[in-house]
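Data first, discussion second: the structure below is written as structure tokens.
The figures here come from the full heavy-atom set of this structure, side chains too, leaving out hydrogens, waters and symmetry mates. In what follows, every chain begins at residue 1, and chains take the letters A, B, ... in the order their sequences are listed.
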There are 2 protein chains.
Amino acid sequence: MPYDPSAFPPFAVTVDLVVLTVRRHALCALLVRRGEPPYQGRWALPGGFVRIDEDLEAAAARELAEETGLQVQDPGSGHVGAHLEQLATYGDPRRDPRMRVVSVAYLVLAPDLPSPTAGGDAHSVRWAQVDTLSTPGGGPVRDGDRPAPLAFDHDRILADGVERARSKIEYSSLATAFCPPEFTVGELRRVYEAVWGVALDPRNFHRKVTGTPGFLVPTGGTTTRQGGRPAQLFRAGGATLLNPPMLRPEI
Amino acid sequence: MPYDPSAFPPFAVTVDLVVLTVRRHALCALLVRRGEPPYQGRWALPGGFVRIDEDLEAAAARELAEETGLQVQDPGSGHVGAHLEQLATYGDPRRDPRMRVVSVAYLVLAPDLPSPTAGGDAHSVRWAQVDTLSTPGGGPVRDGDRPAPLAFDHDRILADGVERARSKIEYSSLATAFCPPEFTVGELRRVYEAVWGVALDPRNFHRKVTGTPGFLVPTGGTTTRQGGRPAQLFRAGGATLLNPPMLRPEI
DNA sequence: CGAATAGTGTCTATCAGACAATATTGG
DNA sequence: CCAATATTGTCTGATAGACACTATTCG
């Protein structure tokens, strides 16, 4: 079928963001409260329209900065900033009751922020523990009553983003995106434990990550902020793919 | 930023298909020749507009059927049909010189077809060996002169699809999507060899795939179509994720 | 028989996981 | 000292890869 640029069907294109961080040993996602219909008052993923001359990834980075103040990781500026990658695109014709909206979802991994939800007001932005949110299939939540579903199809988008993060830290060094620029092996291990929801053997974990070439680079410093014996500080090495991968314990 | 449904920027949304198969021990992609500007006469990925009331995946399945006659795998009908999954979305504002087009790319894995490019005319549809096509970064091709680049950003989309297929057969049973409903271990091994471009030890491969639970189910039949000792026939088992994964040899 | 492919057995280096033991801090 | 965390070392079972060997067909 040839293009007919003068008679194309009109779509709206948005970006939605699954922004994940690890706070107090738990995987958390950034949510915003909707101020208008549809789904007024419900929590939703941050996001917005793509501008007509704007690249999709640029739109995602712009929305991230507008809603959180986070800057996307810049190749020139070292390891500060958040990791941003495209997740998937959601385009069910009825996902927005008003019109046809195709949404390109992006996954953002960020270290725990000193100023939570900076740039927004505290009533309409929050970090929500992922394991207390409803699941698209209606699966179990950790405890307590089931919370209200997110607006639109955002429960599914969030679930897809969480699953992407869980699988990707297995074979890539992305877990360091949840850490500050300098971190200890124990802090990195607590990231894996929070994202996977499992306990890992600290001794085998230490041997594994320090033995994987390119994963961690010692900075020379030490810290005692966790209590106990001072731990070496590391920063992320250049490796992006881990070989051999970190193995997620079976069920 | 709140939605303003009455004043959204107008986008066109298309689907593009990376259709891969294994023919004569080589990974091949389906290409169509463009009959009109821009890029008139150049080869491109099959695809087309998403209809205003059509789901994205439905649009991909429809375009696949229109251009190849292939049916997407149906849960009710066993293992016939092709595997279809979303790949990524491409939305650079200048990727189409005429207007703003956001394209959702889908990856299709299909067994070698008895009737190549059924439903199309032979002049405008072809299977192209992936390793003879140009690469987005200008990397080396197997031999001979560099062919003309594909239309639009389709070289990049194709490269992303090929990389997805190469990595996904490692940890999933997707390689069976390249095989007919019944196949031998040797045929499955030749799929891995073609997709990865490496030689695998037939004996270790046999032990590995037959020892992975849920990967292969013997049908009881045998075949001698490869010559030599008759081989057992298998069909794909229910497992989708392989644990342990097939390991791609290093470089 | 020889060539070709299928399939099984064996060996070894490596590695994941369990866990003992030591090191170094704060209270 | 005790509690807590970090780090190193040791052992064992599993396995990937190399490769010898046998099985079964066709020409």
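With hydrogens and angles ignored, the 3.5 Å screen pairs no side-chain donor or acceptor of B:Asp153 with any backbone N or O of B:Arg156. Listed for the B:Ser173 side chain is no donor-acceptor partner under 3.5 Å among the backbone atoms of B:Phe215.
Atom C1' of nucleotide D:dT15 and atom CE of B:Met246 are separated by 13 Å, given to the nearest angstrom. We find that CD of A:Gln232 is positioned 15 Å from C1' of C:dT25, with the value rounded to whole Å. Between the CZ atom of A:Arg203 and the P atom of C:dA16 there is a distance of 16 Å, rounded to whole Å. To the nearest angstrom, C1' of D:dT24 lies 15 Å from CD of B:Gln226. With rounding to whole Å, B:Arg229 atom CZ is found 14 Å from D:dC26 atom P. The distance between atom CG of A:Leu247 and atom P of C:dA18, rounded to the nearest whole Å, is 12 Å. Spacing between atom CZ of B:Phe205 and atom P of D:dG17 amounts to 12 Å, rounded to whole angstrom units. For the pair B:Arg225 CZ and C:dA4 C1', the interatomic distance rounds to 17 Å; values are reported in whole Å.
A close approach under 4.0 Å does not occur between any side-chain nitrogen or oxygen of A:Arg189 and OP1 or OP2 of D:dT7. Listed pair A:Lys208 / C:dC15 fails the phosphate criterion, with no side-chain N or O lying under 4.0 Å from OP1 or OP2. Residue B:His206 has a polar side-chain atom (N or O) positioned under 4.0 Å from OP1 or OP2 of C:dG7.
Mapped onto DNA chain C by nearest heavy atom, A:Thr224 and A:Asp201 fall at different nucleotides, with A:Asp201 at the one closer to the 5' end. Along DNA chain C, the nucleotide closest to A:Asn204 and the one closest to A:Pro230 are compared, and the more 5′ of them pairs with A:Asn204.
Using a 4.0 Å heavy-atom cutoff across all strands shown, B:Pro244 reaches sugar-phosphate atoms only and no base atom. Heavy atoms of A:Arg190 sit under 4.0 angstrom from primed sugar atoms or phosphate atoms, though from no base atom.
Residue B:Leu107 is tested with B:Leu20, B:Ile157, B:Val19 for a side-chain contact (heavy atoms from CB on, under 4.5 Å); the sole match is B:Leu20.
Taking every side-chain heavy atom of B:Arg207 into account, C:dT10 is the closest of C:dT10, D:dT7, C:dG17.
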As a quick check of understanding, evaluate side chain to side chain donor-acceptor pair (under 3.5 Å) for A:Tyr90 and A:Asp16, giving each step before the final call. CA-CA 10 Å; A:Tyr90 300 83; A:Asp16 284 318; over 6 Å; no
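Remark: B:Arg248 engages B:Glu163 in a salt bridge, criterion side-chain N to carboxylate O under 4.0 Å.
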